[in-house]
Asks: 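Handing you this structure, nothing more for now.
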Amino acid sequence: MSVISKARSRRASASSLLDNPRYELLPLGGLDSQLPYLPAGATVTVTSSPSRGTMATVELAERLAVLGFRPVPHLAARQVRDEAELVEVLQRLDNSEIRDAFVVGGDGIGGGFKNGLELLRAMDAIGHRLEHIGVPSYPEGHHLIDDETLWADLYAKQDYATYTVTQMCFDADAIAQFVYRMRGKGISLPVVAGIPGIADPARLLRVSMRIGIGDSIKFLRGNFAAVRKLLRLGGYRPNSLVRKLSARTRSGECELSGVHIYTFNHVNATVRWVQQLRSRGIA
């Protein structure tokens, strides 16, 4: 293959992987200043926090829908109080013509559902008009759940879900190996790779403080290695990670449906980074 052909191939691969990235937002005050930087019609996921509750996530998703985005609210099983609240949530999503949701176990106590699978089954029993339902997966494991349980849960969830998003991962090889193992275990869900966006250490620390000390401690406890990379001097830029994922997708080593970018509400810098990578073909 000529040098020109290789360059074109890299550009095509970059465009494919970054054509429609999902941007994850935290429902915090001050977010409005970042919304204008989102691309028109972008898919925007909204996390859920125990300190704010499910309805804060739903309300932001509703606002995003009005603004013309494609919102994906996170529905955390342990934060949904009971079936009555779940019915209300599903009705509000339907009223706003929101057709995609992401179901997680989540943190918190006192909720009506013990895990994501139980919430998925309840949603199915109630009935809904969601066309897409995502569930989490863990290429590098989970600090509280053993691998056997994770695989069994993911296998069962594919009866209710339409895709999976991986936890934030910095290792392209780990993601590729995870997808390979998934297929070997009979799990056919499309995989969206969860990757960090542009992380400015000072901003990341401010966001961490604002999501609540309890939430921050849980994040740090379960993602120490990730936090260390994000907080390194000069910040973190995932150019190399995306380049490697793109190469593995192009070669057939890793089957990915796209990327989910954890923005930490640093939307402006993250969107500019995506645009630069696409224009340069991950050069």
Side-chain angles (χ1 to χ4, degrees), residues 1-26 31-47 64 67-72 100 132 134 139 163 165-176 179 190-204 207 226 229-283:
M1 182 182 291
S2 69
V3 172
I4 293 177
S5 296
K6 287 181 179 179
R8 288 174 177 168
S9 178
R10 284 197 300 270
R11 284 194 291 272
S13 179
S15 296
S16 176
L17 198 59
L18 294 173
D19 263 349
N20 296 292
R22 304 160 68 89
Y23 296 98
E24 180 175 295
L25 302 181
L26 301 166
L31 181 60
D32 285 358
S33 66
Q34 292 293 305
L35 296 184
Y37 298 113
L38 287 167
T43 298
V44 184
T45 75
V46 184
T47 63
L64 290 168
L67 293 171
F69 298 109
R70 299 177 59 188
V72 184
D100 194 344
H132 307 285
Y163 66 93
V165 177
T166 73
Q167 69 182 132
M168 184 170 61
C169 188
F170 296 77
D171 188 338
D173 289 334
I175 293 173
V179 176
V191 180
V192 179
I195 65 171
I198 299 300
D200 170 69
R203 185 180 183 88
L204 183 59
V207 168
K229 291 181 180 180
L230 292 172
L231 294 180
R232 71 186 184 185
L233 186 64
Y236 178 81
R237 298 183 67 85
N239 294 40
S240 176
L241 172 60
V242 175
R243 183 164 51 245
K244 290 176 182 177
L245 285 175
S246 181
R248 282 157 179 74
T249 301
R250 183 175 63 250
S251 68
E253 295 176 57
C254 185
E255 176 191 350
L256 293 176
S257 296
V259 293
H260 172 112
I261 305 177
Y262 296 84
T263 71
F264 312 106
N265 289 5
H266 202 179
V267 177
N268 186 12
T270 296
V271 171
R272 281 191 284 107
W273 166 76
V274 169
Q275 293 170 341
Q276 290 167 1
L277 279 191
R278 291 188 63 195
S279 66
R280 298 193 333 244
I282 318 184

Asks: Under 3.5 Å, side chain of T263 to main-chain N/O of E24, donor-acceptor pair present?
Replies: yes
Asks: What's the spacing between Q276 CD and L18 CG if we round to 0.5 Å?
Replies: 12.0 Å
Asks: Say whether, by atom type as modelled, one donor and one acceptor occur between the side chain of N265 and the main chain of L26 under 3.5 angstrom.
Replies: yes
Asks: Taking all non-hydrogen atoms of both residues, which atom of W273 and which atom of N239 are closest, and how far apart?
Replies: NE1-OD1, 2.8 Å
Asks: Got a second to check how far T45's OG1 is from L64's CG, nearest 0.5 Å?
Replies: 10.0 Å
Asks: For the pair T47 and Y262, evaluate side chain to side chain contact (heavy atoms under 4.5 Å, CB included) and give the outcome as yes or no after the intermediate values.
Replies: CA-CA 10 Å; T47 63; Y262 296 84; over 6 Å; no
Asks: Got a second to check how far L25's CG is from L38's CG, nearest 0.5 Å?
Replies: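 Separation between the atoms: 6.0 Å.
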Asks: With a 3.5 Å distance limit and no angle check, can you tell me whether T166 reaches the backbone of G194 through a side-chain donor-acceptor pair?
Replies: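 Flag set: sc T166 to bb G194 pair under 3.5 Å.
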Asks: Keeping the roles fixed (side chain from T249, backbone from L245), state whether a donor-acceptor pair exists under 3.5 Å.
Replies: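 Yes.
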Asks: What distance separates H260 NE2 from Y163 OH, expressed to the nearest 0.5 Å?
Replies: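 Here the interatomic distance stands at 8.5 Å.
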Asks: Please check if the side chain of R248 supplies one atom and the backbone of K244 the other of a donor-acceptor pair under 3.5 Å.
Replies: yes
Asks: Donor-acceptor pair, T270 side chain versus V267 backbone, under 3.5 Å?
Replies: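 No; judged by distance alone, with no hydrogens or angles, the pair does not exist.
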Asks: First locate atom OG1 of T43, then atom CZ of R70, and finally report the distance between them rounded to the nearest 0.5 Å.
Replies: 4.0 Å
Asks: Could you grab the distance from atom CG of D19 to atom CZ of R278, nearest 0.5 Å is fine?
Replies: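 CZ of R278 is found 4.5 Å from CG of D19.
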